[in-house]
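Before any comments, here is the structure.
The chains referred to below are lettered A, B, ... by the order of the sequence lines, with proteins before strands, and numbering in each begins at 1.
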There are 4 protein chains.
Amino acid sequence: MTKTVTKPDVCKEEAILSAAVHVFARAGFRGTDVQEIADRAGVGKGTVYRYFGDKQELFWGTAFWVLDKLDQHLTNAISASDSPLGKLRATCRAYGAFFETNPEYLEIFVLDRAEFRGDAPPARRERHEKMIAEFGKIVEAGIAAGEIRPVDARNVVLSLGSTLYGSVVCAAMTAAGDRSLTEMAEHAADIFLTGICAESSKGSEQ
Amino acid sequence: MTKTVTKPDVCKEEAILSAAVHVFARAGFRGTDVQEIADRAGVGKGTVYRYFGDKQELFWGTAFWVLDKLDQHLTNAISASDSPLGKLRATCRAYGAFFETNPEYLEIFVLDRAEFRGDAPPARRERHEKMIAEFGKIVEAGIAAGEIRPVDARNVVLSLGSTLYGSVVCAAMTAAGDRSLTEMAEHAADIFLTGICAESSKGSEQ
Amino acid sequence: MTKTVTKPDVCKEEAILSAAVHVFARAGFRGTDVQEIADRAGVGKGTVYRYFGDKQELFWGTAFWVLDKLDQHLTNAISASDSPLGKLRATCRAYGAFFETNPEYLEIFVLDRAEFRGDAPPARRERHEKMIAEFGKIVEAGIAAGEIRPVDARNVVLSLGSTLYGSVVCAAMTAAGDRSLTEMAEHAADIFLTGICAESSKGSEQ
Amino acid sequence: MTKTVTKPDVCKEEAILSAAVHVFARAGFRGTDVQEIADRAGVGKGTVYRYFGDKQELFWGTAFWVLDKLDQHLTNAISASDSPLGKLRATCRAYGAFFETNPEYLEIFVLDRAEFRGDAPPARRERHEKMIAEFGKIVEAGIAAGEIRPVDARNVVLSLGSTLYGSVVCAAMTAAGDRSLTEMAEHAADIFLTGICAESSKGSEQ
DNA sequence: AATGAATGAGCATTCATTCAT
DNA sequence: TATGAATGAATGCTCATTCAT
């Protein structure tokens, strides 16, 4: 019989995930002692294992949780603007702000990449694709509206994602001495968006 | 008495570093057994410690070694073109090609960020600043030549670095299914450069 | 207050014991997870503890249950023959057949010895003595009838028991490659009984 | 690369095996904490793992070590007598004496059966077969000399082995209250050997 | 200088047992 | 009475680091 995993209490699950973000972010995956997560969550170590099966699943659960929060945050940001370009700008700002407000979440993203490359469970891949598709539609709307040059939407979304990811990771790396994550992301967005704007709307964009 | 570290034999040092790249890249920092590096380098475990002091120093030595190789690779690429914009483009292409040719080097960069955030020893920070300054000069030359809009050179270099970093990391993450690292980096460069080009030179750039 | 143990439902008790035989036989005493016994018995883990107090008591209950079954099986076999020697032969055959039919029961016997040496609760010791006495009477009847040499009945019964135990354990160990448990037991009985028969002239050997 | 196991120091190996016999015999396989073996052997826990790889291999090493000692002990006993029957008798006596002198060795045998049924590594199986063959030759010599009835030598050896095993295990189980292991084994031998002697007229029984 | 044997702190995971519902 | 969620002590195994040879 495979490992039994049940989550009878949503509050405990949240407490564990919240503690896990904190500890993983500080100590890394391998450097984390599950006991510390349990202590910080106020539950027994056995409970952590009952809820998540093993340390890796716990980490994946944590990473998914964070991705979910990011998705919600970005989704909120999108609705704050009407034009496609405005939505993209808002997304970039929200992306930077999200990780500036929660530096621990950024660590989870970095660890995810460092420890598990492409081994993420299907659920996370699907969520990622969903987000890509979502933004792809915005780009296509921008193209239809003449705000964005006719480009391959998926590639542009991947590039924008890469740029934002690189911006926040690198900005956080240089110890906040220079500019905030949000400023970095906005600067990256400026450069990025100006580049993909159609010639006709250059004037209004810059 | 502080830890005695000497490197009497350059060949051994190279062998250890080469082995370290391999093993760190595969297993991560914490997941790496120093014994495996010693075995692969064909030296005793004690020798690794004599040459590098401890595991963390060994990793830093490895990361510095890789950064050095990247620097040389990019420096070569720069000289292949005369115009500032050409140099930047060539740099982007070279950046992608470097990590496409040596995926292990990319892992070292990712691990560096994941495990040690900003704890890198001064030597590496200095080297990093040196590279930033180097490219800053190119940007300034581009501005002077009218190829690049009047921007803050340092910020632009940081943004370009972030973009390239994000591009290769994310491209490698999506399991090569989409495009090669080099293509990703070039695509990122296209968007990036087009955005910072002065209005006057748009035509020739696109 | 001492541990409260009640068995309100005989069906559940049987279900637990039956499951326990299965799991203990497969995994050994220490290797057994009480949860698995509960699952297999279709009851909650708490119920197992309510019925048996703790894991050791559960095992002893299981071993006693099996011993009881063996006793019944051998008692039936005895009644199938009239002569003392016939009864002993029948007992040997039945002994082998019992464990051949129920290999799990043999594991319980082996585990019992391995884990608890002589720590068995008085009830099992008494039951064991009762069986020894029972067979002792048959031996004495055989002696009285002139079928068996005048030997110490208890010692002979202990030896026969040891021989049968050794036979089935060793036979089961050699992976059935050679002969069945029943054949092994019969062979052992042949040698054993022939040896204790009166008529022969064993002068040269003692 | 598979687990590296080296045994650079024979004294340490002996110390570990000796400690392992002691601890396994007292606590059983699962109940044994490898740390205790290390402590008793006066080495670090890591050393135990360096020498034996894992707990199971350590147990197998221990069991083999004991089997080896038994083999030597029995081999010595054999040479003390000239006639085949004498050799078999001497073997039985030696078998009982071996385990009476070293009750811990008996526990190892019992645990071996309880935990690993037939999973023993090939080396131990081969050693076992070698011993069976050795005694088979003695039985055949006995048959040739007319001391033993014409029986299947291998089967007889297996039966004798089973009988002796059962005798010592059962004798030890009944807490030495009755007779010593040696006496039990001799008694078993008496019954066993008398039965396989040629001269008698067992017609009515067979 | 080079080696690799020895060490033991550290950590993931399991599971007997309890007890609130 | 029955349940199963929660717990934390227990234990196998790893690996960074040291140091005698």
Q) Could you give the CG-to-C1' distance, from A/Asp54 to E/dA12, as a whole number of Å? A) 9 Å
Q. C/Arg30 CZ to E/dT13 P: how many Å, rounded?
A. 23 Å
Q) So, A/Phe116 versus A/Trp60, ring centres under 6.0 angstrom or not? A) yes
Q: Apply side chain to side chain donor-acceptor pair (under 3.5 Å) to A/Trp65 and list each qualifying residue two or more places apart in sequence or on a separate chain.
A: A/Glu14
Q: To the nearest Å, give me how far apart CZ (A/Phe52) and P (E/dA12) are.
A: 16 Å
Q.
Tell me every residue that passes side chain to side chain donor-acceptor pair (under 3.5 Å) with D/Glu57, counting only those two or more places apart in sequence or in another chain.
A. none
Q | side chain to side chain contact (heavy atoms under 4.5 Å, CB included) against D/Pro103, all qualifying residues, sequence neighbours excluded | A | none
Output one line per pair: protein atom, nucleotide atom from nucleotides 4-6 of chain E, and distance, for all N/O pairs under 3.5 Å.
unit_1: E/dG4; atom_1: N7; unit_2: B/Gly46; atom_2: N; d: 3.2
unit_1: E/dA5; atom_1: OP2; unit_2: D/Arg50; atom_2: NH1; d: 2.9
unit_1: E/dA6; atom_1: OP1; unit_2: D/Lys12; atom_2: NZ; d: 3.2
unit_1: E/dA6; atom_1: OP1; unit_2: D/Tyr51; atom_2: OH; d: 3.2
unit_1: E/dA6; atom_1: OP2; unit_2: D/Tyr51; atom_2: OH; d: 3.3

Q | Residues that D/Arg124 engages under salt bridge (Lys or Arg N to Asp or Glu O under 4.0 Å), provided they are two or more places apart | A | D/Asp112
Q: Check the distance between E/dA16's C1' and A/Tyr49's OH and give it to me in whole angstrom.
A: 18 Å
**Q.** side chain to side chain contact (heavy atoms under 4.5 Å, CB included) partners of D/Ala15, counting only residues at least two apart
**A.** D/Ala41
Q: Specify the separation, in whole Å, of atom CD of B/Glu36 and atom P of F/dA16.
A: 11 Å
Q.
Tell me every residue that passes side chain to side chain donor-acceptor pair (under 3.5 Å) with C/Glu13, counting only those two or more places apart in sequence or in another chain.
A. none
Q) If you measure from NZ on B/Lys7 to CD1 on B/Ile16, what distance do you get to the nearest 0.5 Å? A) 9.0 Å
Q: Only counting residues at least two apart or in another chain, list the ones meeting side chain to side chain donor-acceptor pair (under 3.5 Å) with A/Glu104.
A: A/His22
Please output the side-chain donor-acceptor pairs of residues 23-30 of chain A that fall under 3.5 Å, not counting sequence neighbours, one pair per line with the distance.
unit_1: A/Arg26; atom_1: NH2; unit_2: A/Glu36; atom_2: OE1; d: 3.3
unit_1: A/Arg26; atom_1: NH2; unit_2: A/Glu36; atom_2: OE2; d: 2.2
unit_1: A/Arg30; atom_1: NH1; unit_2: A/Glu115; atom_2: OE1; d: 3.0

Q | Separation of atom CG in B/Asp39 from atom P in E/dT3, rounded to whole Å | A | 11 Å
Q: For C/Asp68, check salt bridge (Lys or Arg N to Asp or Glu O under 4.0 Å) against everything at least two apart and list the hits.
A: C/Arg127
Q: Check each residue of residues 55-65 of chain A for a non-hydrogen atom within less than 4.0 Å of any atom in DNA chain E, then write out the ones that pass by number, or none.
A: A/Lys55
**Q.** Which nucleotides of DNA chain E pair, in dot-bracket form (Watson-Crick or G-U under 3.5 Å, | meaning another strand)
**A.** .||||||||||||||||||||
